[in-house]
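Structure first, then comments.
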Amino acid sequence: MPYRTIIEPFRIKSVEPLRFNTREQRQAALEAVGYNLFGLHADDVLIDLLTDSGTGAMSSEQWAAIMRGDESYAGARSFDRFEAVVAELTGLEHVIPTHQGRAAERILFGEIVQQGDIVPNNTHFDTTRANVEFQGAEARDLICPEGRDLQVEAPFKGNMDVEALEQTLAADADRVPLVMVTITNNSGGGQPVSLDNLRQVRELCDRYGRPLFLDACRFAENAWFVKEREDGEADRTPRDIAKEAFRLADGCTISLKKDGLANIGGVLAVNDPELAARCRDNLILTEGFPTYGGLAGRDLDALAVGLQEVTDPDYLRYRVRTAAYLAERAWAAGVPTVRPPGGHAVYLDAAALLPHIPPHQFPAQALACELYVEGGVRGVEIGTLMFGHPGGDGQPETTAPNELVRLALPRRTYTQSHIDYVGEVIEAVAARARQLTGYVIVEQPRWLRHFTARLAPVG
Ligand code: F0G
């Protein structure tokens, strides 16, 4: 097409009104919830970029599929349709539905991870790490060196450090029950993993006789980046690339709330029949019968359609371009981000924008709060509020390596004018960055404090 503008590859059939409020109302709402954006009521948020998980819009075909949902407790037709699509995509033999990604993680790790084990991953997502650690094992992040540098431009900053993986396997293979690779690498900025890297990891897993699992929440976005960036892959379809990635693995866990294009769902798929049998027993205990696994039949049908739609090149081109466009708006406003932009989110670098706010005063939380007060835009802090720990005895906080605000993009939900608006809000906040002040925590729980802690502005 001779035009530069990449349009949303859909038109809108059902709309949900946004609620506008005033700066004063937002200020009051934020104060009332102790400056924690998780505490806000959705009605008080104008553009919600808290997460891309379960927040997307379904297509007309998915809504039609919902009406075909078979709610039989056992042997539902919906399961057959779901299983067929997952099997075609992944090539994996045993398909076990779960209500969301972390349930698949819990069941898998509960069966194969033991106290004292090591689970290597490029970077564990929070719930994945927590589920590994819950088994008494070590969740070891082995991201490639360029993935640790926020600013360096490299095509596959989500890659596993294969040398470090080899060292772990050479030293401790008997303590490694599985190797995991997260595509795309959410905690590392939504950065992709190359097919070449996956092949090298596969080769190491073969050499040491260890199974390889993908945490494949954003497999379609990863496939698009491979098509765009990896030598020799440009002419393949994203689906073909995704299929190859899955076929390099022995199993996968997927939160289908992302590239399943539905609002709920997850799956655990494995080749090993004996492991599958044990996982199904565990599933029955906590999720449900193996033909629904904590989901309604209609959810399975929506997912069966979503998992086919998500590899559409027109959709993926628009999807990845949206994140890049928002990042460009941030750069134009003088706000650095993790580079290059990931597929599902833009990560603003609050440490770079707010050098006058020290990490123990939560600069990324200050930026997230200000984006909300300024324009009703909700993102999420990924910094010392999330990953730091209270010092105790008058000691300062332990701080996180980076101070980021993630603006995650729900799928097919906001239009370009919404993104332009977010860009303007970023500009307005950046223009008075020097005036922003830090925060102190006034109340915090023992674990996962970022969800419920209450804060107050410094001074
Ligand atoms: N793995 C990755 C890479 C994820 O990003 C998530 C969720 C999960 C596993 C867990 O899946 O939520 O369905 O249980 N990420 C969401 C986010 C919550 O906002 O990034 P779940």
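Atoms within each ligand, like the ligands themselves, are counted from 1 in listed order.
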Discussion item. Quick check with a 6.0 Å cut-off and a 45 degree axis cone: is Arg339 positioned over the face of Trp331's six-membered ring?
Written reply: yes
Which residue owns the protein heavy atom closest to [atom], what's the atom, and how far is it?
atom                    : result
atom 5 (O) of ligand 1  : Asn186 ND2, 2.8 Å
atom 18 (C) of ligand 1 : Phe125 CZ, 3.8 Å
atom 1 (N) of ligand 1  : Asp215 OD2, 2.8 Å
atom 21 (P) of ligand 1 : Gln100 NE2, 3.3 Å
atom 11 (O) of ligand 1 : Ser255 CB, 3.2 Å

[X] versus ligand 1: do any nitrogen or oxygen atoms come within less than 3.5 Å of each other?
X      : answer
Thr182 : no
Thr127 : no
Cys217 : no
Arg218 : yes

Check whether the ring centres of [X] and [Y] lie less than 6.0 Å apart, and answer yes or no.
X      : Y      : answer
Phe134 : Phe109 : no
Phe362 : Tyr439 : no
Tyr73  : Tyr292 : yes

Heavy-atom proximity to atom 9 (C) of ligand 1, picking from Arg406, Glu105, Arg102, Lys257, points to Glu105
Heavy-atom proximity to atom 16 (C) of ligand 1 ranks first, among Lys258, Arg106, His124, for Lys258
Here the atoms of ligand 1 under 4.0 Å from any heavy atom belonging to Thr51 are 17 (C), 19 (O)
Would you say Glu61 and Gln308 make side-chain contact, with heavy atoms under 4.5 Å? no
Query raised in the report: Cut-off 3.5 Å, side chains only: do Asp301 and Ser78 have a donor facing an acceptor?
Result: yes
Does the side chain of Thr184 pick up a donor-acceptor pair with the side chain of Arg218 at under 3.5 Å? no
Item to check | Working for side-chain hydrogen bond (donor to acceptor under 3.5 Å, both in side chains), residues Ser59 and Glu309 | outcome: CA-CA 9 Å; Ser59 67; Glu309 290 179 348; 2.6 Å; yes
